[in-house]
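Comments concern the structure below.
Just so it is clear, the model here is predicted, and its values are computed rather than measured. Below, read A as the first sequence line, B as the second, and so on, with proteins coming before strands; counting in each chain starts at 1.
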Amino acid sequence: MYPGITISDIARHEDQEVTLAGWLYNMRSSKTLHFLQLRDGSGIIQCVVYKPEAAEEVWNLCSGLTQESAIRVTGKVRKEPRSSIGYEIAVSKVELVHQAVDYPITPKEHGVAFLMENRHLWLRSRRQHIILRVRAAIIKAIRDYFDNNGFTLVDCPILTPNACEGTTTLFETDYFGEPAYLSQSGQLYNEATAMAFGKTYCFGPTFRAEKSKTRRHLMEFWMVEPEVAWMDLDGDMDLAEDFLVYVVGRVLEKHEKELAELERDVSFLKNVKKPFPRISYTDAVKQLQSLGSDIQWGSDFGGDDETILTRQYDRPIMVHRYPAAVKAFYMKKDPSNPDLALCVDVLAPEGYGEIVGGGQREDNYGVLEASIQHHGLPLEAFKWFLDLRRYGSVPHAGFGLGVERTVAWICGLQHVRETIPFPRMLEKIWP
RNA sequence: UCCGCGGUAGCUCAGUCGGCAGAGCAGGUGGCUGUUAACCACCCUGUCGGGGGUUCGAUUCCCUCCCGCGGAGCCA
């Protein structure tokens, strides 16, 4: 058995008798008519049972159907101008495969807590369905961009022996009696693969055990991380800009209708064109202060600062050269001012904030070794990483893009929890 | 971890200045020849988050715990 004709494909079967397999999304009835809304994962179509023309057992079976019961419906595909998809099914036969009892998500309003408890069922709802399809399209566009531009996919390990950056809290697991940690970034391993392949990217889940409880945080999230040998910070910004323009353009090109169904105002997305404003951290701080923020040079932006700053622009902005003191140990210092790191964050507009973080890496053995020690990290754990600076060290750079934040931004969502099928949130790991 | 808001029917919520708990939806029954979160009528539904306290009486006031939501910090 293999699924046959799908609803998305129904236009090619006009005036033919077809059998569709799916679930009953909703039903409305009157004395002589049943309107079955059939959902098959590819779409929803209305199936009409007209009593005077229907077999008695078909009519009676439909009278007892419940929301989300599994059925096979046979009937003729006919053009119907009143239908939102232009077609409906004139039913001749219905087979009940499984009767659902008391499906909890009714076609009415529900609260987020209830829906998250029923996330395994919520995925069947129209809005969630659209969001996850757009997510899939975004991921496809990301892969296509790198695959078509000379990058090799070289994935990084998820189980790691030590903290990559030594800054954030990691999930610890037991690795045959030794502690191991779930990766929070493929960054360090990516530097090794870039020295082997030139242009690489990794794409997978990453884990942060931080007690973050905001609309922008998940404990488990997906990140794509390109890394390029012989690339400096300016090249890194060129790449991030070109990449984001491509991804947003691809989604708009193929999924604008879905975004409209999510009531996304796509005008901001249509502004995602080169060039993105490139603002130094120092200038951004001055700009924020003139806008009323009490931020001081040297501290990282707060959520409000990011929102205030991004609202000044009509497209993503790239803020570069943050104070080295607030950045990771592997960031290369700006030769013209060693208090600054050669790094960049891309901030999405409309208050969505940081979706990309990256920069140029320290390629000098002695400087990197000192930085590891300065950050209080164990040198022996980074021996292999230092090796990359002993054997043909070259300038290199890269960045990481958070998939869920990108999906939230493109879809215009309030919270990242709807951008992944089963979000892992603070102290909430069910379903 | 901290700050704020909340927990009342299966769901979304109202309400009780301390005195028999109430709407809509869902579910059930009946009605309606084209519905689009269909509509109309009737019926059914409660540990008012848990524990303790004050009180003649607590769902309501107080304390405490649990859970949820929003935000901060940190980050993608």
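By the 30° and 60° cut-offs, the orientation of the rings of A:Tyr145 relative to A:Phe151 is tilted. The aromatic rings of A:Phe329 and A:Phe385 stand perpendicular to each other, their planes meeting at an angle above 60°, with 30° marking the opposite boundary.
Applying the side-chain contact (heavy atoms from CB on, under 4.5 Å) criterion to A:Ala54, with sequence neighbours excluded, gives A:Val49. Qualifying side-chain contact (heavy atoms from CB on, under 4.5 Å) partners for A:Arg215, counting only residues two or more places apart in sequence or in other chains: A:Gln414, A:His415. For A:Thr419, the side-chain contact (heavy atoms from CB on, under 4.5 Å) test picks out A:Glu404, A:Val407, A:Ala408, A:Leu413, A:Val416, with sequence neighbours left out.
Under a 3.5 Å cut-off, the side chain of A:His217 and the backbone N or O of A:Lys213 do not form any donor-acceptor pair.
Contacts classified as ring-ring contact (aromatic ring centres under 6.0 Å, His included) and involving residues 35-87 of chain A (residues at least two apart or in different chains) are given here: A:His34-A:Trp59. Each salt bridge (Lys or Arg N to Asp or Glu O under 4.0 Å) pair with one or both residues in residues 265-286 of chain A, not counting sequence neighbours, appears once here: A:Asp238-A:Arg278, A:Glu241-A:Arg278, A:Asp242-A:Lys274, A:Glu256-A:Lys270. For residues 56-81 of chain A, the set of pairs meeting the salt bridge (Lys or Arg N to Asp or Glu O under 4.0 Å) definition, not counting sequence neighbours, comprises A:Glu14-A:Lys79, A:Arg39-A:Glu68, A:Glu68-A:Arg124, A:Arg72-A:Glu95, A:Arg78-A:Glu88, A:Glu80-A:Arg82.
Taking atom P on both nucleotides, B:C43 is separated from B:G4 by 46 Å, rounded to a whole Å.
Contact of A:Ser212 with B:C74 (side chain to base): a donor-acceptor pair of N or O atoms is detected under 3.5 Å. For B:U36, its base never sits under 3.5 Å from the side chain of A:Gln37 at any donor and acceptor pair.
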Where do N or O atoms of nucleotides 30-32 of chain B meet protein N or O atoms at under 3.5 Å, pair by pair?
| from | atom 1 | to | atom 2 | distance (Å) |
| --- | --- | --- | --- | --- |
| B:C32 | OP1 | A:Lys31 | NZ | 2.8 |

Polar pairs (N or O, both sides) under 3.5 Å between protein and nucleotides 5-12 of chain B?
| from | atom 1 | to | atom 2 | distance (Å) |
| --- | --- | --- | --- | --- |
| B:C11 | O2' | A:Glu109 | O | 3.1 |
| B:C11 | O2' | A:His110 | ND1 | 2.5 |
| B:U12 | OP1 | A:Gly111 | N | 3.1 |

Donor-acceptor pairs are to be reported for all side-chain atoms of residues 298-306 of chain A against protein atoms at under 3.5 Å, with residues two or more places apart or in another chain.
| from | atom 1 | to | atom 2 | distance (Å) |
| --- | --- | --- | --- | --- |
| A:Ser299 | OG | A:Gln296 | O | 3.1 |
| A:Asp305 | OD1 | A:Ser293 | OG | 2.8 |
| A:Asp305 | OD2 | A:Gly302 | N | 3.2 |
| A:Glu306 | OE1 | A:Glu354 | N | 3.4 |

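No side-chain heavy atom of A:Val272 sits under 4.5 Å from any side-chain heavy atom of A:Leu252.
Here A:Gly353 lies out of heavy-atom contact (under 4.0 Å) with every strand. Contact annotation for A:Arg127: no contact, since no heavy-atom pair falls under 4.0 Å across all strands.
Residue A:Arg82 has its side chain nearest to B:U36 when only B:A76, B:G71, B:U36 are considered. Of the candidate nucleotides B:C75, B:U33, B:A76, B:U33 has the atom lying nearest to any side-chain atom of A:Thr32.
Within residues 397-420 of chain A, the residues approached by RNA chain B to less than 4.0 Å at the level of any non-hydrogen atom are A:Arg405, A:His415, A:Arg417, in residue-number order. At a non-hydrogen distance threshold of 4.0 Å, nothing from residues 307-318 of chain A comes into contact with RNA chain B.
Helical stems of RNA chain B (runs of at least 3 Watson-Crick or G-U pairs, donor-acceptor distances under 3.5 Å) are listed by first residue: B:1-7 with B:66-72, B:10-13 with B:22-25, B:27-31 with B:39-43, B:49-53 with B:61-65.
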